[in-house]
Amino acid sequence: MKAVVFEAPGQVYLLDREQPRPALPSDVLIRVAACGLCGTDQRTISDPPLMSCDPGRTIGHEISGVVVEAGPETRFQPGEPVVVVPNYPCRRCESCHLGYINLCDDFQHLGSMLDGGLAEYVVVPAEFLQRIPAGLDVTLAALAEPLACVLNGADRAQWTPGSPVVILGAGPIGLLFLTVARLAGASPIIVSEPNALRAEKARALGADWVVSPRDPSHEEEILRHTGGARVVVDTLGTLLGTAVAVAAKRGQILIFGIDETATVAVHPAHIVAKELTIEGVYIARGTMPSALKLLAQHPDKFSQIVTDRIPLTDWETAKKSLLSNAAAGKVLVIP
Ligand SMILES: [Zn+2]
Ligand SMILES: [Zn+2]
């Protein structure tokens, strides 16, 4: 089968590999229908990599597909459409015992430590599979993984109907936050995004205003539209300064993006004077079932976030698109 393999830093190629087989009675063999690309893959394939990956591993972790073969100890049948929960917690460390499985000390990550889904087939333990609800397109269901991560933040967001929200960045994660905030009734929603294609996509998905961070007065503009945001989402992980500036008194800042190279200068006095709350949001925590439900309820909205479907055989095009942030929305790779 074809698979996208991390060979060495900066060397990530489409190669021929042997088709995997279920090794344990609890394993399930999946024929991949779609695998989304995201910032994590970008950090893995960039040179030098910002995210570690074992040489020889197939990458890709936003996976939907169809069961081909299910071991006797599973509750799956061939033909069932499923999505993959790609981070396997150890269930032994203190974080796992406290229920913070997304903060496990000893995670196994599909797509960096175990073979992932940028391939025709992948083997996954049954406990890390979820059935796709009837009627939901199996390729659109690949959005369930990033949406589950967004819901880990949205579940904590203090937005209520009519509360102003600011989303910094309109990449796929920003667009998912925008859609979820809109469904929660937050209003107005202001998106900050310099890329014209992405700004247009944010407008199409219901942003009330889109400002460009290249405009030196964008923070004042946001304050003019919102009077200060109840919730600010930083999807880049580099924009805490802006987030502090545009948050309302007692506002909440959710930092979702990860950039290990970033440091930011903030005025702690502003955090104190406004009594701001700043929270990190790290991957998904039991939110995959709600993500699948939301996708099944609003396929018309979420399908607008998928802008590019690139065949697996055209990996080089997909890689270029990912590294250049060229796509207006989510890129799905289709085996
Ligand atoms: Zn991802
Ligand atoms: Zn653990």
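Atoms within a ligand are numbered from 1 in the order they appear, just like the ligands themselves.
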- [ ] Assess Arg131 against Phe76: is NZ or CZ under 6.0 Å from the centre of the six-membered ring, and within 45 degrees of the ring's axis?
- [x]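 Yes, a cation-pi geometry holds between Arg131 and Phe76.
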TODO: Would you mind checking if Glu275 and Arg250 are paired as a salt bridge, meaning a charged N to carboxylate O distance below 4.0 Å?
DONE: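 Answer for the salt bridge query: yes.
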Task: Rounded to 10 degrees, the angle NE2 of His61 makes with SG of Cys38 at the Zn ion (ligand 1) - done: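 Rounded to 10°, it measures 100°.
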Open item on the list: I'd like to know whether the aromatic ring centres of Phe256 and Tyr282 sit less than 6.0 Å apart in this structure.
Closed with: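 For Phe256 and Tyr282, the ring centres are not under 6.0 Å apart.
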Task: Angle in degrees, rounded to 10°, that SG of Cys96 and SG of Cys104 form at the Zn ion (ligand 2) - done: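 With the Zn ion (ligand 2) as the vertex, SG (Cys104) and SG (Cys96) sit 100° apart.
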TODO: Would you mind naming the N, O or S atom of Glu62 nearest to the Zn ion (ligand 1)?
DONE: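 Minimum-distance N/O/S atom of Glu62 relative to the Zn ion (ligand 1) is OE2.
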Task: Residues Asn325 and Gln42: side-chain donor-acceptor under 3.5 angstrom - done: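 Their side chains do contain a donor-acceptor pair, which is all the 3.5 Å distance test asks for.
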Task: N, O or S of His97 under 2.8 Å from the Zn ion (ligand 2) - done: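 So His97 does not bind the Zn ion (ligand 2) by this criterion.
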